[in-house]
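In the text below, chain A, chain B and the rest are named by the order of the sequence lines, each starting its count at 1. No experiment lies behind these values; they were computed from the predicted model shown.
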Number of protein chains: 2
Amino acid sequence: MKKNCTESPICSKCGNTQSIICGLNDTDKNEISYRKDDGIYKKGDIIFKEGNNAHNLFCVHKGKIKLSKLGKDGKEQIVRFAKSGDILGYRSLLSNEPYHATATAMEESEICVIPKEVFQKIVEDNYKLSLNLIQLLSKDLKSAEQHLIDVAQKTVRERISEALLLLITSFGYLADGKTINVHMTRSEIADLAGTTTETTIRTLSQLSHDGIISLEGKNIVITNHTELIRNTNTYD
Amino acid sequence: MKKNCTESPICSKCGNTQSIICGLNDTDKNEISYRKDDGIYKKGDIIFKEGNNAHNLFCVHKGKIKLSKLGKDGKEQIVRFAKSGDILGYRSLLSNEPYHATATAMEESEICVIPKEVFQKIVEDNYKLSLNLIQLLSKDLKSAEQHLIDVAQKTVRERISEALLLLITSFGYLADGKTINVHMTRSEIADLAGTTTETTIRTLSQLSHDGIISLEGKNIVITNHTELIRNTNTYD
DNA sequence: CGTCAGCTTGATTACTTTCAATTGTTGTGG
DNA sequence: CCACAACAATTGAAAGTAATCAAGCTGACG
């Protein structure tokens, strides 16, 4: 399932300006291109597992990934998502710790695999990159803390509304501009909102009944975005 | 409430080896010593407020600080603690954002105040420091994600047990080796565990009845640490 | 000695989970 | 293409958990 990367240096497809790796000099880019592998992961494939030793940096080329941790009684909690242009595993590599979460492909995904030592050497050589990493970490931390409050204090309806909005900001809409561009099972939405499958189903159908969303097969269509936001009971 | 710092360069008291700022060269240390102020904050004083523009780095010299965010309906959620040797506000300074939380002194505290531009200049000049910051951020993020799972999936009894353990790791014990070295109101413990004051009281007295803790005035004494851990229902 | 904040207890209410049962969907091998 | 197995979605009813509301209590302090 691996082939050499034929792309131009450093995943040109991976959102050129987005990716944190952009801004490297040519030597480093070539080093990465030379050393990396491309992996194709099918839906449901595990990219890395919580607790395993971290040997690689993953650069998402295409696809959707969920990051989850195991909680009480083995219940899954989705902590965040990654998509094209995002990098995974950098935190574990930087702090020399095992992967802190499990990464699972939500659909067929192309992911470049960059060996630990290559990444580490480049971070050491690139002061600018380390500043980018700091910004990235700050952002992740900020949203983790916000997520904490959401889960801690909100009702299920509020959390599910919040989860839908997170899906929108993470993956956007289809061409119609109102259908969320991702397929998740009810159970996965539950793992994101921190509730049960049954309650998720009931709440979604309630939101649908209230004209805020519309459930069309596997798709969730946002019919009243303003009201959805109001439902999260957040005042930023 | 401010006086010039008379201490040796860079808060020698602030846990010499602990503080992230250690390892700087003498020039930078002197720059900081010269530019910083010392502040004394009384119990309940606010050091900085969520949403305000970040102008300073705070280096805790002595005392205990709680970091909290406002949630739904203005309910407070404690996100973490800081104590002697910890630094506050660095994330906002690095990412040029407002303070993401409110810092409140839990008891009389001495805190050095280092202006933004001094900190920024030093970070720019010190590659090693930026790596330290990355590690710090990684650690914070890790615990934030763990906290998320705890709050999302655990019962109140488990969360309160968890909260007590966090107090122990944050502040330690008194000399007797079993009394938690911090005074918090029931309502603050509730804000930490993400529940209400009444439920906190009931749960604490239940834990006390079960012989796991003992409530002695304002103090909480851990009488059965093993059982307290078992109560968190965590398996690391 | 009164007051106020923090602490406690009880009763009621509301929200979610859990359990159980059914239906719908999808992918696979014959 | 059908039948079957496995997974996903749905619905109802019962049980549990924690929040809310209301009312005393307690102790520190001016």
May I have the distance from [X] (atom [atom1]) to [N] (atom [atom2]), rounded to whole angstrom?
X: A/K43; N: D/dC7; atom1: NZ; atom2: P; result: 14 Å
X: A/L204; N: D/dT11; atom1: CG; atom2: C1'; result: 15 Å
X: B/L215; N: D/dT26; atom1: CG; atom2: P; result: 16 Å
X: B/E216; N: D/dG27; atom1: CD; atom2: C1'; result: 18 Å
X: B/N219; N: C/dG6; atom1: CG; atom2: P; result: 17 Å
X: B/H183; N: C/dG6; atom1: NE2; atom2: C1'; result: 14 Å
X: B/D73; N: D/dA19; atom1: CG; atom2: P; result: 14 Å
X: B/E158; N: D/dT17; atom1: CD; atom2: P; result: 11 Å

Residue met sooner reading DNA chain C from 5', once B/M184 and A/E198 are mapped to nucleotides: B/M184
Between [options], which nucleotide has the shortest distance from any of its atoms to the side chain of [X]?
X: A/I201; options: D/dA18, D/dA9, C/dC7; answer: D/dA9
X: A/T196; options: C/dT17, D/dA19, D/dT10; answer: C/dT17
X: A/T195; options: C/dT17, D/dT10, C/dC7; answer: C/dT17

Six-ring centre of B/F171, B/K64 cation under 6.0 angstrom, axis tolerance 45°: yes
Separation of B/C59 SG from B/Y90 OH (nearest 0.5 Å): 13.0 Å
side-chain N/O B/T199 vs D/dA19 OP1/OP2, d < 4.0 Å: yes
Residues B/E107, B/K83; criterion salt bridge (charged side-chain N to carboxylate O under 4.0 Å, His left out); working and verdict: CA-CA 11 Å; B/E107 57 179 43; B/K83 56 181 186 303; over 6 Å; no
Toward the 5' end of DNA chain D, by each residue's nearest nucleotide, A/K218 or A/R202: A/K218
B/K142, NZ: over 12 other non-hydrogen atoms inside 6.0 angstrom: no
Lys/Arg-Asp/Glu bridge criterion (N-O < 4.0 Å) met for B/K139, A/E97: no
Sugar-phosphate, base or nothing in reach of B/T185, heavy atoms under 4.0 Å: sugar-phosphate
